[in-house]
Amino acid sequence: MYQFRVVFLLISVMLLQACAAAVVGGAATTAAVAYDRRTAGAVLDDQSIEVKAKYALFQDKDIHSQSHINVTSYNGFLLLSGETPTEALKQKAENLVKDIPKVRRVFNEIAISGPSALTSRSSDSWITTKVKTKMTKDENVDPLFVKVVTERGIVYLMGKVTQAEAEYAVAATRSTNGVLRVVKIFEYID
């Protein structure tokens, strides 16, 4: 009987911790959506687009086994980035995602090469962190309005921004060590 109580207590504690994480995570998501320039519906649509696109690419055995493709959606603009070995697979990836509901436009930035190494991906994550940090320090651009994606040192900037915010975001990005090129995928609100 004692063992049953211990197991029951451990399970209860784990479930309570999961509930607390869900509440805190849910509150953070609610706060982010409230501050986002996209509508709450658009934020949910973007999440749905990403899930559906990742699933479609995962289902294709050729793409899944030979490629490293990232999917990012912002207000219906769908960015495909990463690597695949052939132009045919690059086009196939685009064709698999372009008709997903709520996708307004596909930006196919997949490079024709073998999948990147873990060290390259780690470097890209570090570049993204540095870019977001620079934007945080710049009073002329709010980093919460700009989505930053980095692949092979190329930084893709997405978001609903003013022309001036875009210029400041690009300047902060270009001045970041390790950035090879900046690609703007902005939707301008002015």
Side-chain angles (χ1 to χ4, degrees), residues 21-60 63-64 67-84 89-111 116 121 124-136 141-152 154-170 172-173 179 181-190:
V23 168
V24 170
T29 300
T30 301
V33 168
Y35 191 70
D36 202 308
R37 286 184 173 154
R38 296 173 291 175
T39 65
V43 171
L44 291 174
D45 288 343
D46 285 332
Q47 291 172 350
S48 175
I49 288 167
E50 288 182 6
V51 168
K52 289 174 183 175
K54 288 174 185 176
Y55 184 72
L57 296 173
F58 176 79
Q59 287 293 103
D60 187 282
I63 290 174
H64 177 70
S67 309
H68 165 252
I69 299 175
N70 290 313
V71 176
T72 309
S73 181
Y74 195 96
N75 210 39
F77 286 7
L78 180 59
L79 169 65
L80 297 177
S81 58
E83 306 84 24
T84 196
L89 285 176
K90 176 180 178 175
Q91 289 307 308
K92 187 176 188 182
E94 182 174 340
N95 290 336
L96 286 171
V97 302
K98 70 180 182 182
D99 293 326
I100 292 173
K102 307 289 184 163
V103 170
R104 295 170 45 210
R105 184 168 173 201
V106 176
F107 295 84
N108 191 344
E109 296 289 327
I110 302 170
S116 59
R121 294 180 203 171
D124 288 338
S125 294
W126 179 236
I127 290 169
T128 296
T129 300
K130 292 188 298 184
V131 168
K132 288 296 257 185
T133 301
K134 277 197 174 189
M135 286 184 195
T136 301
V141 63
D142 189 327
L144 294 177
F145 296 150
V146 180
K147 178 94 171 165
V148 179
V149 178
T150 308
E151 289 281 348
R152 298 172 322 284
I154 302 168
V155 178
Y156 303 91
L157 301 176
M158 304 174 81
K160 288 180 74 170
V161 296
T162 65
Q163 295 277 346
E165 288 169 333
E167 289 175 24
Y168 286 112
V170 169
T173 304
V179 173
R181 186 168 58 111
V182 179
V183 177
K184 298 181 285 185
I185 307 177
F186 288 128
E187 185 172 359
Y188 296 104
I189 59 174
D190 59 356

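Note that the coordinates shown come from a computational prediction; the quantities given were computed from them, not determined experimentally.
Here the side chain of Ser48 pairs no donor or acceptor atom with the backbone of Leu44 at under 3.5 angstrom. A donor-acceptor pair is defined here as one N or O able to donate and one able to accept, closer than 3.5 Å; no such pair exists between the side chain of Asn75 and the backbone of Arg38. Side-chain atoms of Asn108 come within 3.5 Å of backbone N or O of Ile110 as a donor-acceptor pair. Checking side-chain atoms of Arg181 against main-chain N and O of Val155 turns up no donor-acceptor pair under 3.5 Å. In this structure a side-chain-to-backbone donor-acceptor pair under 3.5 Å is present from Arg121 to Ser116.
Across every non-hydrogen atom of Val161 and Phe145, the tightest pair is CG1-O, 3.7 Å. Across Val106 and Glu94, no two heavy atoms sit closer than the pair CG1-CG, 3.9 Å. Among all heavy-atom pairs drawn from Ile49 and Gly76, the shortest one is CD1-CA, 4.2 Å.
Other residues, nucleotides and ligands contribute at most 12 non-hydrogen atoms within 6.0 Å of the NZ atom of Lys102. Within a 6.0 Å radius of OH in Tyr168, other residues, nucleotides and ligands contribute 12 heavy atoms or fewer.
Residues Val71 and Val97 are not in side-chain contact: their nearest non-hydrogen atoms beyond the backbone lie 4.5 Å or more apart. In this structure the side chain of Arg104 reaches within 4.5 angstrom of the side chain of Glu187, judged on heavy atoms.
Below 30°, between 30° and 60°, or above 60°: for Phe58 and His64 the angle between ring planes is above 60°, a perpendicular geometry.
One side chain, Ser73 or Asp46, offers a donor N or O that lies under 3.5 Å from an acceptor on the other.
Here the rule is side-chain contact (heavy atoms from CB on, under 4.5 Å) with Tyr156, and of Glu151, Lys147, Lys184 only Glu151 fits it.
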